[in-house]
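The sequence lines fix the lettering, A, B, ..., with proteins before strands; numbering per chain opens at 1. What's counted below: heavy atoms across the whole structure, side chains too, no hydrogens, waters or symmetry copies.
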2 protein chains.
Amino acid sequence: MAVTIKDVAKKAGVSPSTVSRVLSNHPRISRETTRKVKAIMEEMGYHSNMMARSLVSNKTYTLGMILPRPAEELFQNHFFAENIRGITTQASRNGYDILMTTGHSEQEELAAVTRLVKGKRVDGVILLQSRRNDPIIAFLKNEDFPFILIGHYAQDEDILCVDNDNVQAAYDATQHLIAQGHDRIGFVSGPPNLTVSVDRLDGYRRALADHGLPMQPEWIVEGEFLQESGYRAMSFFMNLPERPTALVVIDDLVTFGILRGLTELGFRVPDDLSLVSFNNISLTELSTPPLSSIDIGIYQLGYMASQLLIRQIQGDKPQQSRTIVPHRLIVRESSLNLHRNGAERK
Amino acid sequence: MAVTIKDVAKKAGVSPSTVSRVLSNHPRISRETTRKVKAIMEEMGYHSNMMARSLVSNKTYTLGMILPRPAEELFQNHFFAENIRGITTQASRNGYDILMTTGHSEQEELAAVTRLVKGKRVDGVILLQSRRNDPIIAFLKNEDFPFILIGHYAQDEDILCVDNDNVQAAYDATQHLIAQGHDRIGFVSGPPNLTVSVDRLDGYRRALADHGLPMQPEWIVEGEFLQESGYRAMSFFMNLPERPTALVVIDDLVTFGILRGLTELGFRVPDDLSLVSFNNISLTELSTPPLSSIDIGIYQLGYMASQLLIRQIQGDKPQQSRTIVPHRLIVRESSLNLHRNGAERK
DNA sequence: TTCGTTTGTTAAAACGTTTGCACAAACGGA
DNA sequence: TCCGTTTGTGCAAACGTTTTAACAAACGAA
């Protein structure tokens, strides 16, 4: 049916091996043969069969990726497109494709990875998130299969990963609010089993401590990466006898929930409550008021992950296992102390 | 290295062919043999090598997908995650994976598809968008390779696709505004070479005609699927001596641009200008005011595309080539005539 | 002239499956 | 008892590559 290496060989009057070597730029092939074979490949419309090729070479030029399951999805959503774009851009630049799968339960996810790895469908795997005691990480590590994690794995710091310095990022956010004159700052966190929640909470605590501000345990609220969590956190805070005047929020989406609640109750941002959150998704600048947010370089996280994984596949072991993508605080109206610039708040 | 069918065969005391048949549930294999072989596969941790398998069977159980290029990206962004989620969910339910590639130019995109198709890496292709005279469509059609388009291709109605009835959707949007008492309705369109722009403009025109409202050519503005386009359209409209009182807008993102501009200039929505747009991305309900939008079922578009493509691959030719995913107008504050309910506008 | 080296090519095995064909054993009807 | 059919299994070819080892030819130095 399709044109094979044999067809080309026959027409060119050479052996299949020669054609294969032309394909892989073997140094021992003469200029004349190369020219002739290439011309005939062109003429016959030859394209090499990837399946046959990778069967023998044991390489697929494909990276695997597990899509997050519905539960975590909302968090990933905005993150997602941008992150994937980074991953695929860099991958394709190196001649790699991306293979995506999903699983509808933790078990199915593991089965999917197993299939990709054991079935030799991919050369490496990119993990978009990790849970505590992640069985997928255990499996990949045990198989000694190349993989990279976006984020990091507190239980094993030896794992190749691309991450932000979330402690510092939260520190910066908190410090920014302090600099605006706030001394009653709350924190809206995410699920406590995610490293990202732990890290950011830590940064918040350190900033308070370094500036001699007291830590109020009731000013720390946990939730999901969902709008509703923000809404709930908002009503909790606004019903306290002693309210915070500013919040550091784990995710922009949560902040949208807070904002909506505040608007409904007639509170104003930043006057009644200042807000800084994380991720800097595109909508933060469209909201009213525009939201201050920490840009964590989502595209770059994906981009670097691809790059480092491909390097590792090609045998280029990186020096350190953790690569940090820099973050940047984008100050917008939601945390600007417009009306009482620098003045202390009563 | 890895466990092969031969290893299993040897240990089970049968031939490789028998093992292979156990794998594919061949009817002629005895219950006893099946049991034994499966036990041994389990014990040895056997997983079949996909490359070898698809080399001979000529099937990959993989669907290909080309990511839209940077230029179109912003439009796709919100669309994207949701759409992909639909595609992969349904694909994985049928045992298919998704292979993604990108190209940085039209030529590279075509090369990528060629590689996937000719290299036998995928069983079918999903196209997320189409341009006029799309060379990819021409190629796939010429190769008689299974593919499906999300959207439709005006130049060839015979192509398998999943689409919305965009004419009707725009009709509904326009009619809704008319029902709110508007008789001066403008339209903000997208790039004129995209079918979606043409269809929606058409629906808008028909609705006006059916209700006896005159068409003002200067009330139709073209742009990109970008915020900035909205901003520009807004200043154009608001500077007209005779302004429209409502707009139908091709995409939610464009509406965000309009909204921002209006807010800057001190205009209010819906009082000074009512707005209805398309796609109903998650942020429409978070904006102030919340935006009326036509929900086009992005997830379902992806879901159906997967399903129909897989059916076609498996030889199940569908009756009609075009499948319509229903749309739904979600009315929110941006088009509700709150203060003068039903009253005619002067 | 001789022989070691370089250059260009090929034959054949291997990668891990699937599948058409052959064949033996078991079965069942006459 | 005989023979046609069904049932269960194995042999070997095929899928389209890559790659090792071998070899012939050309070359160049002694």
Q | Atom pair CG (B/L110) and CZ (B/R115), whose distance is rounded to the nearest 0.5 Å | A | 12.0 Å
Q. Taking CG from B/L55 and P from C/dC15, how many angstroms apart are they, rounded to a whole number?
A. 14 Å
Q) In terms of side-chain heavy atoms of B/S17, which of C/dT19, D/dT19, C/dG16 is nearest? A) C/dT19
**Q.** side chain to side chain contact (heavy atoms under 4.5 Å, CB included) evaluation trace for A/L99 with A/R121
**A.** CA-CA 9 Å; A/L99 189 68; A/R121 297 197 63 159; 3.9 Å; yes
Q: Calculate the interatomic distance between B/R21 atom CZ and D/dG10 atom P; express it in whole Å.
A: 9 Å
(Q) Filter on salt bridge (Lys or Arg N to Asp or Glu O under 4.0 Å), then keep only pairs touching residues 18-30 of chain B, sequence neighbours left out; what's left? (A) none
Q | Distance-only donor-acceptor check, side chains B/S30 and B/T33, under 3.5 Å | A | yes
Q: Report the distance from atom NZ of A/K120 to atom P of C/dG16, rounded to the nearest whole Å.
A: 7 Å
Q.
How many whole angstroms separate atom CG of B/N49 from atom P of C/dA14?
A. 17 Å
Q. Within the distance-only criterion (no hydrogens, no angle test), does the side chain of A/Q312 pair as donor or acceptor with the backbone N or O of A/P318 below 3.5 angstrom?
A. no
Q) In terms of side-chain heavy atoms of A/Y46, which of C/dT10, D/dT17, D/dT18 is nearest? A) D/dT17
Q.
Expressed as a whole number of angstroms, how long is the span from B/K59:NZ to D/dG16:C1'?
A. 18 Å
Q: Let me know the distance between NE2 of A/H47 and P of D/dT17, rounded to the nearest Å.
A: 12 Å
Q.
Over all strands shown, is A/T4 touching base, sugar-phosphate only, or nothing at heavy-atom distances under 4.0 angstrom?
A. sugar-phosphate
Q. Can you list, by residue number, the residues of residues 22-36 of chain A that have a non-hydrogen atom closer than 4.0 angstrom to DNA chain D?
A. none
Q. Over how many whole Å does the gap from A/M51 atom CE to D/dT18 atom P extend?
A. 14 Å
Q: Check whether any side-chain nitrogen or oxygen of B/S57 sits under 4.0 Å from OP1 or OP2 of C/dT18, and answer yes or no.
A: no
Q: Of all the heavy-atom pairs spanning B/G45 and A/K118, show the shortest one and how long it is.
A: O-NZ, 4.3 Å
Q. Of the candidate nucleotides D/dC15, D/dT17, C/dG20, which contains the atom at the shortest distance from the side chain of A/I5?
A. D/dT17
Q) Rounded to whole angstroms, how far apart are CE on B/M44 and P on C/dG16? A) 13 Å
Q) Of all the choices, D/dG10, C/dT10, D/dG16, which nucleotide is nearest to the side chain of B/V14 once you look at every atom? A) D/dG10
(Q) Base, sugar-phosphate or nothing for A/S54? Non-hydrogen atoms, less than 4.0 Å. (A) nothing
Q: Measure from the side-chain heavy atoms of B/R53 and tell me the nearest of C/dT18, D/dG16, D/dC11.
A: C/dT18
Q.
Taking A/K141 first and then A/D156, would you say they form a salt bridge - that is, a charged N and a carboxylate O separated by under 4.0 Å?
A. yes
